[in-house]
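Below you'll find the structure, written out as structure tokens, and then a few comments.
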Amino acid sequence: MTAHSLNSDVDRQPSNTVAPRKEDQRPVPAVITLRDAAVERGGRRLWSGLDLTVAAGEFVAVLGPNGVGKSTLVQVILGALPLIEGELRVLGGPAGRANRRIGYLPQRRSFDPSLRVRGRDIVRLGLDGHRWGLPLPAWWPWPGVTARRAATARVEEVIDLVGASGYADRPVGELSGGEQQRLLIAQALAPAPDLLLLDEPLDSLDLPNQAAVAALIATISRAQRVAVIMVAHDVNPILSHLDTVVYLAPGGSKIGSPREVITGPTLTQLFGTPIEVLTASDGRLVVIGHPAHCDGHAGPEP
Amino acid sequence: MILSAGPSWNPIIDLQQMWSFPFMVNAFRAGTIVAVLAGVMGWFMVLRRQSFAGHTLSLIGFPGAAGAVLIGVAASYGYFAFCLAGALVIAALPRAGPGGYSEESAVTGTVQALALACGFLFVALYKGFLNSINALLFGNFLGISAGQVTLLGVVAALSLAALAVIGRPLAFASIDPEVAAARNVPVRALSVAFLVLLGAATAEASQITGTLLVFALLVMPAATAQALTARPGRALALTVTIGLVVTWLGLSVAYYTPFPVGFFVTSFAFAGYVAAQAVRHTRPRWRAASSEVSPMPTGIAR
């Protein structure tokens, strides 16, 4: 556990050209391998024929309109929902086998205002909450005092990392949505996972916080070679950090670099209606002509 | 009840006087055992927002105790049998969703009314001394036998031992069920185990405070402690302390006055709760200091 600067790593292009990164040059075992996969929910086929390989350190966004099975993909990777066709391997085994190496952030959670537990305790549960027994206090002399100190230090470290030190000791129910979300990201990071599954983590944040959290996740992904799969509503805050986009739509799916996938012809084909993608001067993508029931990438939240 | 001229206001002399009667020694022993178990279980119950389940279990215990008296068995066995069976029934009811009790409330409300009615019928059939219904509903510390104390102690020791094993994953599953499930914590099984333990704690508390006043020991100490601190360890210790203090005070005051013990335990617990809320709301607030957007550190440690 050594701290090192990331400045040399943070040179990912602000424009959307996907420059091959130096890690990509050598072969790495895949974190996720999905082959010709299909899934059903409530008797309805959500997606099929999905092929996806995610390598360590890769940052993948899952985009698409509501109800198309983005969160379902996350559930499948966690092993909570079986595939009806195809094959899936996660972290070298069947889905669900290595969930303790996965940091998971479910969609849109906010804690009850009356919940009287500190943010720090929430983060600590992410580290060892699955273990049987009761936690001994940190000052208790015996046994396993080294492990307890290491756990306390690790919690402190991830709280620092997400910039939540100022409020980690307050009852989590009293915190704002953005503060809670940072603590939940710290909770997901606490066990030093090999894969992060984040379901709309930027949803409850304002714009400056969205950019900050997106940059933080990208930094962790590269520095610690953690694969990240992020379900997102709006691609713009994460666009400059992305390696791969999985675009799910009612008319099929498309996987590739952001430049390949978020294009007028591709989206037109996926949605079966004319769609144009414009690039603003700051590199943001503006998608125009989505059907009314779909959410535009650059538009305000409905 | 008045057995002497009144308290000397010297706690040591008063305790010596009370403890010169075996029934008072048994009452203090039973009260202490119950206060510890009910406090700890109550902390989890408040955390899980399952007070309604606790209330239901206590009402289910009433016909159990009345029925036991009717067939000539000690009321303790009736409380335990009905509360534990009731816990399993509540656990088997379908749940609306994570944390959702909307379906449950209608079913359990129906069962509560039936339980009270059956209990009343059993008491009427028994035609015993008229006081027994008051004792069952509002508590009685007279006539607690040494055997009953042993039974309370064994059940409490078993329950606390079980809680020591499942405590941490139970807290995880209570606070954050989705993430706990993703980390392979058996959320459903823990929920059943918790209800069974809650049934045991409710059966114990009913024997001191009566069916209708179990919350004096099950909810009030935990709610008071959670108002004062958000640190789980301290909150648990404080819960047990408050439970013990109000039980001992209640027993002592009831010994020297003609009024029932349930009233005093409840009133002292309520006074503590009101005082804690007053302290909490007059404490200076320190939340405005932290800003929403905190700077993102660039150093990553692992």
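Here is how names work: the chains are called A, B, and so on, in the same order as the sequence lines, proteins then strands, and each is numbered from 1.
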Quick check: closest heavy atoms across [X] and [Y], and the distance to 0.1 Å?
X	Y	answer
R168(B)	L134(A)	N-CD2, 4.1 Å
A182(B)	Y104(A)	CB-CD2, 3.4 Å
P169(B)	W132(A)	CG-CE3, 3.4 Å

Separation between [atom1] of [X] and [atom2] of [Y], rounded to the nearest 0.5 Å:
X	Y	atom1	atom2	value
Q187(A)	I175(B)	CD	CD1	9.5 Å
D121(A)	R231(B)	CG	CZ	8.0 Å
I122(A)	F172(B)	CD1	CZ	9.0 Å

When you look at CZ of R97(A), are more than 12 heavy atoms from neighbouring residues, nucleotides or ligands closer to it than 6.0 Å?
-> no
Quick check: are there more than 12 heavy atoms from other residues, nucleotides or ligands sitting under 6.0 Å from OH of Y273(B)?
-> no
Are the side chain of R116(A) and the backbone of A230(B) linked by a donor-acceptor contact shorter than 3.5 Å?
-> no
[X] versus [Y]: any side-chain heavy-atom pair under 4.5 Å?
X	Y	answer
R49(B)	S114(A)	yes
L184(A)	D176(B)	yes
R183(B)	P191(A)	yes
R131(A)	V185(B)	no

May I have the step-by-step check of side chain to side chain contact (heavy atoms under 4.5 Å, CB included) for N184(B) and H130(A), ending in yes or no?
-> CA-CA 7 Å; N184(B) 298 344; H130(A) 59 275; over 6 Å; no
Per-residue tally against chain A (heavy atom, under 4.5 Å) across L170(B), I166(B), L163(B) peaks at I166(B)
Given the options A180(B), P232(B), P186(B), A173(B), which has more heavy-atom pairs under 4.5 Å with chain A than any of the others?
-> P232(B)
Below 4.5 Å from any heavy atom of chain B, which atoms of [X] appear? Answer side chain, backbone, both or neither.
X	result
Q75(A)	neither
L78(A)	side chain
S165(A)	neither
L197(A)	neither

Please flag which part of L236(B) lies under 4.5 Å from any non-hydrogen atom of chain A: side chain, backbone, both or neither.
-> neither
A235(B) versus chain A, the contacting section by heavy-atom distance below 4.5 Å = neither
Heavy-atom pair count under 4.5 Å with chain B, highest-scoring of D112(A), L105(A), I102(A) = D112(A)
So which of A188(A), G103(A), P106(A) has the largest heavy-atom pair count under 4.5 angstrom toward chain B?
-> P106(A)
